[in-house]
Amino acid sequence: MDFLAAYDAIPQSDAARRVALLRQHMKTGGPAMLRELRTERPVFATPVGVFVTRMPDVVEVLSTPDVFTVGVYGPVLEEALHGPFMLARDGADLHWHDRAHAQLMLPAEDFLPVRRLTARLADDALDRAIATARAAGRTTFDYVQEFAAPVAARVAREYLGFTDVPEEALHSLSQRVQRAVFVNQDRDPEAHAAGVAAGKELHDLVAGVIRRRAAAASSPGADDVPDDVLGRMLRTVLPPGTGRPLDEERVNHQLVGYLIGFQQNAAQCAATALKELATRPEELARAERLAAEDDDTAPFDGYVWEALRFHPFVPSTPRLCVREHVLAAGTPRETRLTPGTVVHAHMASAMFDETVVEEPYAFRPDRTPVHNMVLGHGAHACVGKYPARAIVPEMVRRVLLRPGVRPLPGAERALDHAGTPYPQHYTVTAGAGAPS
Ligand code: HEM
């Protein structure tokens, strides 16, 4: 039975069953269900909020922060970070100030150096994983645990400046915060408490790093401080009158917030992009050929972003409607929304809106980036987009340069979440020791 027929057959009074069916379909029948919603009920009111599934409407929600705020997860995010953060605020309430600061700290000029850093760390991780597998008499290794997660954490250490924080702590603590803030929509108290405690641990670890870095900066030989994002933040003095200064405590919130925006996203995207490519052998072969092109990586990168359109890290982001608003005004789907309504901007659906995106189900690596919402959209679109555009494709590229490292034939889709919301294991072959 189609989703909507099954949903409508449940009495409106039985909200719990309607929500259970909705969640089950979102999980297992995502694309077919979203296609049905886009066609039949593009603005879909449910007991857990209004799902907005067409591209122009998702753009409208995400670009109108004075109506649709991040109030759904903002307070939990700040509780976990133990202080204010841009992704928890809107407009003149700190958002534009801290976002402008972040854009200066994460500039477009970082693209090439971060790409080179990622290449080095990824090659090293692949060498280690292959050598470890061989030494143990194995022919495979775990792509998530031995490659994607540690490479992302090492980038966080060297680029963002989590200097001497253990990489395992960066990965597992950021996962707990991510889960509590963005996944735990029912606000399960245990997951919430775990996230807040993990955020405190990260805060305290970073406070130690900042103290050591500040002490080193005032000692002889201080010129020799690393040019990482933390170093930039500690050196930056904002002109008077440009809002709240970023003292050490606020720098702490910024840095930990960047980690929350980065670590799980990068680790998962490196896995899902490989999965999507590996399940399309012809596209994989083309991507492998392009991976060898060092001079211009843009054509290769198109394969990675197109692969992620089929499996984005953030499929949907919630917003809180704080003023009466007519969504999609003047169209047949025009809907009046009242304050207090939770609105889900479904980016994974929007990227397949057949009224806007040409042949949405075809794999087309040369699509306009305008139709790719993997890095979000609008007021809160990813402020780390320049490093993200270097890190994610380069992690995948270093793998494709090794013909012996590929998902197990027949198990290309076998990402193992081990009962969590994040991929935990993905078995790949440990064939070649050196890049091709
Ligand atoms: C690695 C791949 C990445 C992906 C897939 C990704 C994805 C996203 C998405 C979808 C959003 C929008 C969230 C929403 O609207 O609710 C976002 C926002 C954000 N991202 Fe990323 N991101 C990545 C990397 C990074 C990096 C490297 C950083 C920083 C170093 C970062 C920092 C942030 C921050 C601070 C925001 C909030 C911006 C604001 O509130 O204005 N992200 N990201």
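Everything quoted here is computed from the prediction, not taken from an experiment.
- The side-chain tip of Arg309 points at the ring of Phe352 from less than 6.0 angstrom away and within 45° of straight on.
- Under a 4.0 Å N-O distance rule, the pair Glu146/Arg128 does not qualify as a salt bridge.
- A donor-acceptor pair shorter than 3.5 Å cannot be found between the side chains of His95 and Asp90.
- Salt-bridge formation is detected for the pair Glu276/Arg413: a Lys NZ or Arg NE/NH1/NH2 atom is positioned less than 4.0 Å from an Asp or Glu carboxylate oxygen.
- Taking CZ of Phe300 as the start and CH2 of Trp305 as the end, the distance is 11.5 Å to the nearest 0.5 Å.
- We find that Arg38 and Asp57 are not joined by a salt bridge, their nearest charged nitrogen and carboxylate oxygen being 4.0 Å or further apart.
- No salt bridge links Asp110 with Arg389; every basic N to acidic carboxylate O contact stays at or beyond 4.0 Å.
- Under 4.0 Å is where a charged nitrogen must lie from a carboxylate oxygen, and between Arg89 and Glu78 at least one such pair does.
- Phe310 carries Arg280 over the face of its six-membered ring, with the cationic atom under 6.0 Å from the centre and within 45° of the normal.
- Residues Arg213 and Asp228 are paired through a salt bridge, judged by an N-O separation under 4.0 Å between the basic side chain and the carboxylate.
- Phe182 and Tyr73 have their aromatic ring centers within a separation under 6.0 angstrom.
- Under a 4.0 Å N-O distance rule, the pair Glu306/Arg367 qualifies as a salt bridge.
- Between the side chains of Glu249 and His203, a donor-acceptor pair is found at a separation under 3.5 Å.
- The pair Arg397-Asp301 does not meet the salt-bridge criterion, since no charged nitrogen lies less than 4.0 angstrom from a carboxylate oxygen.
- Aromatic ring centroids of His253 and Phe85 lie 6.0 Å or more apart.
- With hydrogens and angles left out, the side-chain atoms of Thr163 and Arg157 include no donor and acceptor closer than 3.5 Å.
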